[in-house]
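Here is the structure we will look at.
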Protein chains: 2
Amino acid sequence: MKLSSRTEYAVRAMAELAEMHGGGPISLREIAARQDIPEKYLEQLFRQLRKAELISGLRGAQGGYSLAREPCEITVGDIMRAVDGPIAVCSCAAEGKGDADCERKSHCAAHPVWAKLQDGIVSILDSTTLYDMLAKTATQDMQGNRGGGS
Amino acid sequence: MKLSSRTEYAVRAMAELAEMHGGGPISLREIAARQDIPEKYLEQLFRQLRKAELISGLRGAQGGYSLAREPCEITVGDIMRAVDGPIAVCSCAAEGKGDADCERKSHCAAHPVWAKLQDGIVSILDSTTLYDMLAKTATQDMQGNRGGGS
DNA sequence: GCAATTCCTACTGAATCAGTATGAGTTCCA
DNA sequence: TGGAACTCATACTGATTCAGTAGGAATTGC
Ligand code: FES
Ligand code: FES
């Protein structure tokens with residue numbers, strides 16, 4: 001029940017890209033440096049993001065990457081699926097599997113729970129766009145919960 | 001973003017135990033057989049569930065396991081934490097970590113998303129009890145979606 | 001033409017995970 | 001009283017996945 005580093009990195013990098021949206025393309029190197037992500041690793045992720053048509057790359061000197069759509073049109077779920085494949089809480093409750101799931105499913109007490117969990121996760125991920133993310137970091141007061149309780 | 005087999009097995013086994021709740025203790029072997037889970041593996045999980053005081057074991061011949069509380073008092077979250085440790089969507093957003101998290105957190109655009117996700121997951125897991133699970137499998141009509149496509 | 005950059009494949013070392021093996025301690029029953 | 005049926009505990013292993021690296025080809029601006 002944990003996010004992969006691919007997802008964590010990819011989302012952070014995309015947020016960075018969204019923040020710069022509108023200007024020219026930004027080099028992978030710059031993003032990697034600003035977010036402290038291994039360059040070569042991020043390169044791999046960007047290739048997948050590009051294949052998913054979330055970003056577009058511009059080769060050559062002065063090249064770089066930029067968003068392929070508006071920030072409000074890219075969700076965290078999109079990013080996650082691009083780098084990690086379909087979202088699946090467990091093999092018995094994955095998205096995009098019409099019928100050929102677990103044979104046990106019909107009489108399994110656990111299945112409705114996994115389905116509900118899957119649904120909850122997907123709906124959060126799919127309803128949060130890059131735009132939302134930036135907006136939230138700007139109005140940072142709701143997160144300002146510091147001062148450890150004893 | 002996937003459940004461990006520990007969790008999947010443990011929840012299924014606990015559901016089995018809940019179904020039998022009220023009668024005498026049930027042997028691990030029987031549960032393992034009915035749910036098709038490797039015996040020795042399940043034994044390991046049961047030891048953890050016992051330490052977490054979710055079940056209690058009775059040794060010797062005719063011994064076995066039984067729930068240590070009522071089914072409505074045991075949540076899926078309890079089971080999960082018992083076998084897999086604290087629930088943490090990522091290291092930056094784990095439960096029970098007051099302050100010493102990621103240093104990046106305060107200006108990280110991704111963090112609110114992880115926090116929300118974490119929160120959503122935990123609230124589903126903590127609000128579903130074994131009792132709820134059994135009730136849902138009883139009224140199985142909402143799940144009765146069969147008949148292969150094409 | 002050369003420097004900066006994206007694009008692509010393959011590899012590796014480490015960590016985690018699922019599952020086994022083995023044996024000791026306990027209790028019921030014949 | 002002995003043994004069968006259990007739980008309890010620890011340690012090990014093999015497989016798989018994951019995070020990260022290496023090396024190089026193709027493209028473009030200056
Ligand atoms: S084991 Fe597959 S649905 Fe429960
Ligand atoms: S990287 Fe830790 S909160 Fe975003």
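Just so it is clear, the model here is predicted, and its values are computed rather than measured. Residue numbering restarts at 1 for every chain, and letters A, B, ... go by the order of the sequence lines.
- A straight line from CZ of B:R29 to C1' of D:dT7 spans 12 Å, rounded to a whole angstrom.
- When the C1' atom of D:dT10 is taken as reference, atom CD of B:Q44 falls 10 Å away, rounded to whole Å.
- The distance between atom CG of B:L49 and atom C1' of D:dA9, rounded to the nearest whole Å, is 16 Å.
- Here A:S4 does not reach the OP1 or OP2 of D:dC18: none of its side-chain N or O atoms lies under 4.0 Å away.
- Picking from D:dA9, D:dA4, D:dT28 the nucleotide with the shortest atom distance to the side chain of B:A61 gives D:dA4.
- When heavy atoms are screened at a 4.0 angstrom cut-off, B:Y65 is found touching the sugar-phosphate backbone but no base atom.
- Counting 5' to 3', DNA chain C first comes under 4.0 angstrom of a heavy atom of chain B and last does so at the ends given by C:dA18 to C:dC28.
- A salt bridge links B:D126 with B:R81: at least one charged nitrogen is closer than 4.0 Å to a carboxylate oxygen.
- Summarising the geometry, atom CD belonging to B:E73 is positioned 11.5 Å from atom CG belonging to B:L54; distances are rounded to the nearest 0.5 Å.
- Taking atom CG of A:L58 as the reference point, atom P of D:dG29 lies 7 Å away to the nearest angstrom.
- Residue-to-nucleotide contacts include no donor-acceptor pair under 3.5 Å from the side chain of B:Q62 to the base of D:dT7.
- Nucleotide D:dA19 holds its P atom 8 Å from the OH atom of A:Y9, rounded to whole Å.
- More than 12 heavy-atom neighbours from other residues, nucleotides or ligands sit within 6.0 angstrom of OH on A:Y41.
- As a whole-Å value, the separation of A:E8 CD from D:dC18 P is 14 Å.
- Listed candidates were D:dG20, D:dC6, D:dA26. Nearest to the side chain of A:Y41 is D:dG20.
- Not one side-chain nitrogen or oxygen of A:R6 sits closer than 4.0 Å to the OP1 or OP2 atom of D:dG20.
- Between A:R69 and A:D78, at least one side-chain nitrogen of the basic residue sits less than 4.0 Å from a carboxylate oxygen of the acidic one, meeting the salt-bridge criterion.
- Side-chain contact check for B:I79 versus B:L130: some heavy-atom pair is nearer than 4.5 Å.
- With DNA chain D read from its 5' end, the first of the two nearest nucleotides for A:S5 and B:G64 is the one closest to B:G64.
- The 12-atom threshold is exceeded at CZ of A:R104, counting heavy atoms of other residues, nucleotides or ligands nearer than 6.0 Å.
- By the 6.0 Å contact criterion, CD on B:E53 is open, its count of non-hydrogen atoms from other residues, nucleotides or ligands being 12 or less.
- Comparing A:E43 and A:R59 against DNA chain D, the residue whose closest nucleotide sits nearer the 5' end is A:E43.
- Atom pair B:K40:NZ and D:dC12:C1' shows a separation of 14 Å (rounding to whole Å applied).
- In this entry the distance linking CD1 of B:I55 with C1' of D:dC8 reads 12 Å, nearest Å.
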